[in-house]
Undergrad: 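My questions will all concern the structure given below.
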Amino acid sequence: MAAFMVALKRRKTGGYAARKVIPKDVRQEYAALYGMGWEEKLNIPSSTPPHEAKARHGEWLAEIETRIAALRAGKTGARQPLTRRNAHALAGEWYRWFLGQHEADLRTPSHWRRLSDTLVWDVIYPHAPDEYLSDTRADPEWEWKARPEVRAAVRPLVAQEAKVASFLFEKGLALNDDAMNLFLDIVEDNLLLAFGRLEALARGDYGADPVLEQFPEYVSRAEEVRPRVTCWVLFEKWQAEVQPARSTVARWTAVFNAADAQFADASAITPEAAKEWMIGLINQERSAQTVATVWKTALKTVFTWAVGEKLVKSNPFVDVRISVPRKVEERETKAFTPDEIETILKAALGYDSPKKVGERARRWVPWVCAYTGARAGEITQLRGSDIQKRGGDYFAKLSPSAGKIKTRKARTVPIHEHLVEQGFIAFVEEMGSGPLFYGPPRRRAGKPEPVQSPAERTRARLGDWVRSLGITDLELSPNHAWRHTFKARAERHGMSEKYSDAITGHAPPTAGRKYGKPTPEDLAEALRRFPRYALGDPREIRIPSRKERELQDGSIK
């Protein structure tokens, strides 16, 4: 019966046809990869000579049988070995692939040089044996790094930095443990060379690459098995496609490391297994709120993208529900109260001649947020060149080129006349075109770039300063509350929601509201009706003592 099913038959029309039933034990996996779950069909036109039709039938049948054998091997955990020669050849293909992933990056030479330093001094050097540390001249070539215990220690970091999982997935390779270890060791030996090549490309040096000449040609094997796609592979591919913020990658890395350890095959995760695992994540250190917001958001986002890219068939996390205990809310509003407004803005006025970065941020950022409803991070990353004058009004351009903007869209907001009267424009002119509220980043050789930008660190320290003023209610955000305050105040004094949304950067809630977008000049006119913050008798403003300022400067450098 099986022979009949794969026989090549002549149709009455003169053409040829054949059918191959897909075995039940691999039918689901075959459909996921090749789109046909029940059977494969071959149709050959009548104009084809008989000998050619038989040859095409044989090739077609061999391909299907190879697919079935590979899927069965994958289901039983079979993985491919590598000879040493083929491991070097495969590393050569990785080298070309890795360069191809980054050749178009707009990175400076120093970026790749820092990665090289990190690999050498932060990844490999900490595993140097005592005898080398006592006499470094005895092993100038660092032959100790080829020791088994050193190789084993650095392989996980090399695999992550070199994107090995994504490379093997794209190649359709699954390596057994010995082959993977051998391959990673050779990749480690060439990763530093890859960073050096990318540094040269960033300098504009596109000369011949001598490294490519050392690799032999890779010889594929008939028993190669398509690997299972892992959660980490999906995360890496999503990063490459979406280019998320560094802070998002840093926050979600732990999520996908844990998911990768829990699930061997991302495409085989069921909704039941996903929910059981996520509920089990809740413990004393990790709240249900964190699992429901950070963890679920990360997994749901990446898997939704993976479904669209046809890397997996379904998103097992989309319908997972995490019960979060309702918080007790004592506060009436997320906006500042009048007393809190006066406390913060009076304290800010106390910095009448700000010199240091922290003093400048305390003096101006709360006031600018109070009159714009902008996110504090959008203001701490402002540059002098972002402040513009149009006609008789001043504006601040909040741009992604300055740093992180949540919507990734620039917007121009008016500067209230009260800020101009206080001397904000004079302050900007004195500072010049560069950053207003942070200094140049301090980087040490061999250290990776920090996850937070200098502007983000200034924002965080500003929040600490607000807390130090006595604004300690944990239901209130010390920076973000200015957005709520601005929106409430704007509504209270007759500014239309369309205009206050445009100033704060909130998306229009309806399609109709997207029409007739206000111009910056329209927004400036609307902001004239926004009332000034009255702080009572200016003589009551208490200026912090020098000692108090020095204590506060410990939190904002």
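Note that the coordinates shown come from a computational prediction; the quantities given were computed from them, not determined experimentally.
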Undergrad: Do T248 side-chain atoms and P244 backbone N/O form a donor-acceptor pair below 3.5 Å?
TA: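 Pair absent, no side-chain N/O of T248 close to backbone of P244.
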Undergrad: Is K237 salt-bridged to E170, cutoff N-O under 4.0 Å?
TA: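 Looking at E170 together with K237, the answer is yes, because their closest N to O distance falls below 4.0 Å.
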Undergrad: Between L349 and R363, is there a side-chain heavy-atom distance shorter than 4.5 Å?
TA: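 R363 reaches L349 side chain to side chain.
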Undergrad: Please lay out, stage by stage, how L99 and R197 fare under the test side-chain contact (heavy atoms from CB on, under 4.5 Å).
TA: CA-CA 8 Å; L99 295 183; R197 176 61 177 174; 3.7 Å; yes
Undergrad: Can you check side-chain contact (heavy atoms from CB on, under 4.5 Å) on W252 and W238, steps first, answer last?
TA: CA-CA 12 Å; W252 289 8; W238 174 81; 3.3 Å; yes
Undergrad: Just by distance, do the side chain of Q262 and the backbone of A258 share a donor-acceptor pair under 3.5 Å?
TA: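 Between the backbone of A258 and the side chain of Q262 there is no qualifying donor-acceptor contact (under 3.5 Å).
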Undergrad: Any idea which heavy atoms bring A376 and C369 closest together, and the distance?
TA: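 Closest heavy-atom pair between A376 and C369: CA-SG, 3.9 Å.
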Undergrad: At what distance, to the nearest 0.5 angstrom, does CG of N479 lie from CZ of R467?
TA: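 N479 CG to R467 CZ: 9.0 Å, rounded to 0.5 Å.
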Undergrad: Check for a donor-acceptor pair, side chain of N190 on one end and backbone N or O of Y95 on the other, with a separation under 3.5 Å.
TA: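 No, the answer is negative, given that no donor and acceptor are paired below the 3.5 Å cut-off.
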Undergrad: State, to 0.1 Å, how close A274 and I269 come at their nearest heavy-atom pair, and which atoms those are.
TA: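 That closest heavy-atom pairing would be CB-CG2, 4.1 Å.
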Undergrad: Can a side-chain donor-acceptor contact be found between W142 and Y132 if the only test is distance below 3.5 angstrom?
TA: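 A pair is found: one side chain offers a donor N or O, the other an acceptor, under 3.5 Å apart.
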Undergrad: Any idea how F424 and F427 line up, ring-wise: parallel (<30°), tilted (30 to 60°), or perpendicular (>60°)?
TA: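 Because their plane-to-plane angle lies in the 30° to 60° range, the rings of F424 and F427 count as tilted.
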Undergrad: Can you check whether A347's main-chain N or O pairs, donor with acceptor, with R362's side chain at less than 3.5 Å?
TA: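 The answer is no, because no donor-acceptor pair under 3.5 Å joins these two groups.
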Undergrad: Please examine the side chains of L382 and L398, heavy atoms only from C-beta on, and report whether any two atoms are closer than 4.5 Å.
TA: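 A side-chain contact exists here, since the closest heavy-atom pair is under 4.5 Å.
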Undergrad: Give me each pair satisfying side-chain hydrogen bond (donor to acceptor under 3.5 Å, both in side chains) with a member in residues 296-309, each pair once, sequence neighbours excluded.
TA: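 side-chain hydrogen bond (donor to acceptor under 3.5 Å, both in side chains) check on residues 296-309 returns T304-N315.
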Undergrad: So, taking the atom named OG1 in T333 and the one named CG in L476, what distance separates them when rounded to the nearest 0.5 Å?
TA: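 Here the rounded value is 8.5 Å.
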Undergrad: If you round to the nearest 0.5 Å, how far is OG1 of T343 from CG of L535?
TA: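 Result: 10.0 Å between the selected atoms.
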Undergrad: Does any part of the side chain of L119, heavy atoms only, come nearer than 4.5 Å to the side chain of E161, both counted from C-beta?
TA: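 With C-beta onward as the side chain, the pair stays apart.
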Undergrad: Any chance you could measure E417, atom CD, to L419, atom CG, to the nearest 0.5 Å?
TA: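 Output value for this atom pair is 10.0 Å.
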Undergrad: Are P316 and W277 packed together at the side-chain level, in the sense that at least one heavy-atom pair is separated by less than 4.5 angstrom?
TA: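 A side-chain contact under 4.5 Å is absent here.
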Undergrad: Look at the side chain of R107 and the backbone N and O of A202, then say whether any donor-acceptor pair between them is shorter than 3.5 Å.
TA: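 Not confirmed, R107 side chain does not pair with A202 backbone.
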Undergrad: Please determine if D189 and R151 form a salt bridge, counting it only when a charged side-chain N lies under 4.0 Å from a carboxylate O.
TA: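 So D189 pairs with R151 through a salt bridge.
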Undergrad: Could you tell me whether the side chain of W364 reaches within less than 4.5 Å of the side chain of Q422, counting heavy atoms only?
TA: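 In short, these two side chains touch, coming nearer than 4.5 Å.
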Undergrad: Side-chain contact, heavy-atom cut-off 4.5 Å: W482 with I344?
TA: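 Contact flag for W482/I344 side chains = yes.
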Undergrad: Are L436 and R360 packed together at the side-chain level, in the sense that at least one heavy-atom pair is separated by less than 4.5 angstrom?
TA: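 Answer no - side chains too far apart.
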Undergrad: Which atom pairs, donor and acceptor, lie under 3.5 Å between side-chain atoms of residues 489-496 and protein residues at least two apart or in another chain?
TA:
from	atom 1	to	atom 2	distance (Å)
R489	NH2	P531	O	3.4
R489	NH2	R532	O	2.9
S496	OG	Y499	N	3.3

Undergrad: Quick one: closest heavy-atom pair of A266 and C231, and the distance?
TA: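 Nearest pair, atom of A266 first, then C231: CB-N, 3.9 Å.
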Undergrad: Taking the six-membered ring for Trp, is the centroid-to-centroid distance between F256 and W232 below 6.0 Å?
TA: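 Between F256 and W232, the centre distance exceeds or equals 6.0 Å.
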Undergrad: For S353 and E359, which heavy atoms make the closest approach, and how far apart are they?
TA: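 For S353 versus E359, the nearest heavy atoms are O-OE1, 4.2 Å.
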Undergrad: Table please: side-chain donor-acceptor pairs of residues 278-285 below 3.5 Å, with sequence neighbours left out.
TA:
from	atom 1	to	atom 2	distance (Å)
N283	OD1	E285	N	2.9
N283	OD1	R286	N	2.6

Undergrad: Taking it one step at a time, do I379 and F437 satisfy side-chain contact (heavy atoms from CB on, under 4.5 Å)?
TA: CA-CA 8 Å; I379 304 304; F437 304 114; 4.2 Å; yes
Undergrad: To check you understand the geometry: which heavy-atom pair defines the closest contact between V357 and Y438, and what is its length?
TA: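 Heavy-atom minimum between the residues: CG1-CA, 3.6 Å.
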Undergrad: Look at K498 together with D522 and state whether they make a salt bridge at an N to O cut-off of under 4.0 Å.
TA: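 Looking at K498 and D522, the cut-off is not met.
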Undergrad: Taking E340 for the side chain and T337 for the main chain, is one N or O donor matched with an acceptor at less than 3.5 Å?
TA: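 Side chain of E340 to backbone of T337: a pair is present.
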Undergrad: Any donor-acceptor pair under 3.5 Å linking the side chain of E378 with the backbone of R375?
TA: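 Judged by distance alone, yes, a pair lies under 3.5 Å.
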Undergrad: Any chance the side chains of H418 and Y533 put a donor and an acceptor closer than 3.5 Å?
TA: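 There is no such pair (donor and acceptor under 3.5 Å, judged by atom type) between the side chains of H418 and Y533.
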Undergrad: Taking the side chain as C-beta and beyond, is there a heavy-atom pair between F98 and L191 under 4.5 Å?
TA: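 Counting from C-beta outward, F98 and L191 do come under 4.5 Å.
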Undergrad: Is it true that D501 and K487 make a salt bridge, defined as a side-chain N closer than 4.0 Å to a carboxylate O?
TA: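 K487 and D501: salt-bridged.
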Undergrad: My understanding is that only one of F530, Y371, W367 makes a ring-ring contact (aromatic ring centres under 6.0 Å, His included) with F486; could you say which?
TA: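 Exactly one pass, corresponding to F530.
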Undergrad: Verify whether one side chain among R383 and S401 offers a donor that lies under 3.5 Å from an acceptor in the other.
TA: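 Indeed, the side chains of R383 and S401 share at least one donor-acceptor pair under 3.5 Å.
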Undergrad: Just by modelled atom types, is the L201 backbone N or O under 3.5 Å from a matching donor or acceptor in the W112 side chain?
TA: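 Between the backbone of L201 and the side chain of W112 there is no qualifying donor-acceptor contact (under 3.5 Å).
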Undergrad: Can you tell me if R483 uses its side chain to pair, donor with acceptor, with the backbone of G373 under 3.5 Å?
TA: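 Yes: the side chain of R483 pairs with the backbone of G373.
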Undergrad: For V413 and L523: C-alpha separation, side-chain torsions, deciding distance, then whether side-chain contact (heavy atoms from CB on, under 4.5 Å) applies.
TA: CA-CA 7 Å; V413 299; L523 301 181; 5.6 Å; no
Undergrad: At what distance, to the nearest 0.5 angstrom, does CG of L527 lie from OG of S500?
TA: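 The OG atom of S500 is 11.0 Å from CG of L527, to the nearest 0.5 Å.
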Undergrad: Any luck finding a side-chain donor-acceptor pair between H416 and R528 under 3.5 Å?
TA: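 Short answer, no.
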Undergrad: Determine, for R461 against E456, whether the closest basic-nitrogen to carboxylate-oxygen distance falls under 4.0 angstrom.
TA: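 Here R461 does not pair with E456 in a salt bridge, since their nearest N and O are not under 4.0 Å apart.
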Undergrad: Q160 and E236: which non-hydrogen atoms are nearest, and at how many Å?
TA: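 The pair with the smallest heavy-atom distance is O-OE2, 3.8 Å.
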Undergrad: Taking D386 first and then K397, would you say they form a salt bridge - that is, a charged N and a carboxylate O separated by under 4.0 Å?
TA: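 Salt bridge absent between D386 and K397.
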Undergrad: What I want to check is whether the side chains of Q101 and R96 have a donor and an acceptor closer together than 3.5 Å.
TA: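 No, because no side-chain N or O of Q101 sits under 3.5 Å from a partner of the opposite role on R96.
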Undergrad: For the atom pair CZ (F167) and CH2 (W97), what is the distance rounded to the nearest 0.5 Å?
TA: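 It comes to 7.5 Å.
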Undergrad: Please check if atom CD in E332 has more than 12 non-hydrogen atoms from other residues, nucleotides or ligands closer than 6.0 Å.
TA: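 Counting neighbours around CD of E332, 12 or fewer heavy atoms of other residues, nucleotides or ligands fall under 6.0 Å, so no.
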Undergrad: Ignoring hydrogens and geometry, is there a side-chain-to-backbone donor-acceptor pair from R155 to L184 under 3.5 Å?
TA: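 Looks like no, no N/O pair under 3.5 Å.
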